[in-house]
Amino acid sequence: MSERDAARKADAVREALAERDSALVAFSGGVDSSVVAALAFDALGENAVACTAKSETLPDAELEDAARVAEEIGIEHVVVEFSELDNPDFVTNDDDRCYHCRTMRLGRMYEAARERGIETVCDGTNASDPGEGHRPGLRAVEELEVVSPLLAHDITKEEVREIADEYDLSVADKPSMACLSSRIPTGLEVTEERLSRVEQAETILRTWGFEQFRVRDHDGLARIEVAPDELDRALDPDFVRAARDHIKDVGFDHVTLDLHGYRTGSVSPAADEEEDDLLVEDVFAQDYPMRK
């Protein structure tokens, strides 16, 4: 793969989008949807719209980032609202939670598109996504016939970042960001209280300068995951005290640091269930060998 390959594929996307009258891009402000928005704006100008769906699972900081990146691109940015918590299938938080979420979110996108006389809805699914474990949300994309230009033109995650660099987008190196409900283990109900305390806890980590992290909510036990290269800072005594005090203040009963570090989907069906059970239920009951 070379930068020339990424540039060639980007040209192909622009040409394909230019054949459409208009397009609405499902826009989170992450690198994938930002690249699609930039390509669509190049191809269609004012006939391209970036649309962000605001709900309880979207952190306020991400909504602010989306507005800022849309302004960088120059594309019109609209915000629509809905609530996943209105759907009992989503709240139940079974293996298909992401399918129910994506179905509702994209359905809201189609409503926004119809209101503006736009027939095409695009998303940021890239060619690397289908091979990344349990991804039921992709089924919703297929069922609703959403156009995925990056996937259609075989643009991988690495190539997406190359194209973002070419556009000089500030999110070119932004870590992947899943919705807040991904912090709640499968089978544990998604509630506004849990989403709120996760968002507040992650705001604390962001304030301390962490870049790749998650706070998993195991029914009142906060399990902090940080990237391996940020682990030293997570072990800093000042941070330990701040995490313990402030994260308990937002509603958690216990605060823990996962020494495995940040892992995508560590509370999803694809995760090692036995390992998760140990972390949640048995961690305080283990007998560890002690030096004498």
Side-chain angles (χ1 to χ4, degrees), residues 28-31 56-65 68 93 133 161 170-268 270-292:
S28 67
V31 63
E56 297 91 343
T57 66
L58 179 71
D60 288 341
E62 292 299 307
L63 183 59
E64 293 169 6
D65 276 356
R68 177 182 54 77
N93 195 15
R161 294 196 185 279
S170 61
V171 293
D173 296 319
K174 183 178 180 178
S176 298
M177 179 68 184
C179 82
L180 291 172
S181 60
S182 68
R183 281 50 153 188
I184 301 172
T186 301
L188 188 63
E189 280 195 354
V190 179
T191 66
E192 189 167 0
E193 177 186 9
R194 288 172 177 144
L195 294 171
S196 176
R197 68 190 180 200
V198 165
E199 180 177 6
Q200 292 178 74
E202 293 195 347
T203 298
I204 293 168
L205 268 69
R206 191 173 294 108
T207 300
W208 273 75
F210 289 93
E211 296 183 1
Q212 185 75 75
F213 60 85
R214 296 286 187 268
V215 177
R216 310 292 186 185
D217 187 340
H218 293 277
D219 200 16
L221 184 150
R223 175 162 61 90
I224 300 172
E225 299 178 2
V226 300
D229 60 355
E230 298 184 280
L231 187 57
D232 283 347
R233 287 198 295 123
L235 294 170
D236 178 270
D238 289 338
F239 172 73
V240 170
R241 284 191 292 272
R244 180 189 62 214
D245 296 341
H246 293 301
I247 293 180
K248 286 189 74 172
D249 283 346
V250 304
F252 285 98
D253 300 317
H254 301 281
V255 183
T256 67
L257 176 66
D258 188 343
L259 298 182
H260 286 284
Y262 168 73
R263 293 163 295 152
T264 59
S266 70
V267 293
S268 75
D272 185 333
E273 294 179 3
E274 290 183 4
E275 181 177 42
D276 278 342
D277 288 344
L278 172 63
L279 286 164
V280 181
E281 299 171 4
D282 303 327
V283 69
F284 299 115
Q286 299 302 303
D287 291 324
Y288 296 101
M290 303 292 290
R291 286 181 131 183
K292 296 186 178 179

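Taking NZ of Lys174 as the start and CD of Glu62 as the end, the distance is 3.5 Å to the nearest 0.5 Å. Taken to the nearest 0.5 Å, the CD atom of Glu225 stands 9.5 Å off from the OG1 atom of Thr256. To the nearest 0.5 Å, the span separating NE2 on His254 from NE2 on His218 amounts to 13.0 Å. Asp229 CG to Gln212 CD: the interatomic distance, rounded to the nearest 0.5 Å, is 9.0 Å. In this structure, His246 NE2 and Thr203 OG1 are separated by 12.5 Å, a value rounded to the nearest 0.5 Å. Distance check, rounded to the nearest 0.5 Å: CG of Asp217 to OG of Ser182 gives 11.5 Å.
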Item to check | side-chain contact (heavy atoms from CB on, under 4.5 Å) between Ile184 and Thr191, intermediate numbers included | outcome: CA-CA 10 Å; Ile184 301 172; Thr191 66; 6.0 Å; no

Item to check | Audit row: Asp65, Arg68, salt bridge (Lys or Arg N to Asp or Glu O under 4.0 Å) steps and yes/no | outcome: CA-CA 5 Å; Asp65 276 356; Arg68 177 182 54 77; 3.5 Å; yes

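Judged by distance alone, the side chain of Glu192 and the main-chain N or O of Glu56 form no donor-acceptor pair under 3.5 Å.
Counting heavy-atom neighbours within 6.0 Å of Asp238 CG, excluding the residue itself, gives a total above 12.
Judged by distance alone, the side chains of Ser196 and Gln200 do bring a donor and an acceptor atom under 3.5 Å apart.
The minimum heavy-atom distance between Leu188 and Asn93, with the atom names listed, is O-ND2, 2.7 Å.
Ring centroid separation for the pair Tyr262 and Phe210 does not come in under the 6.0 Å cut-off.
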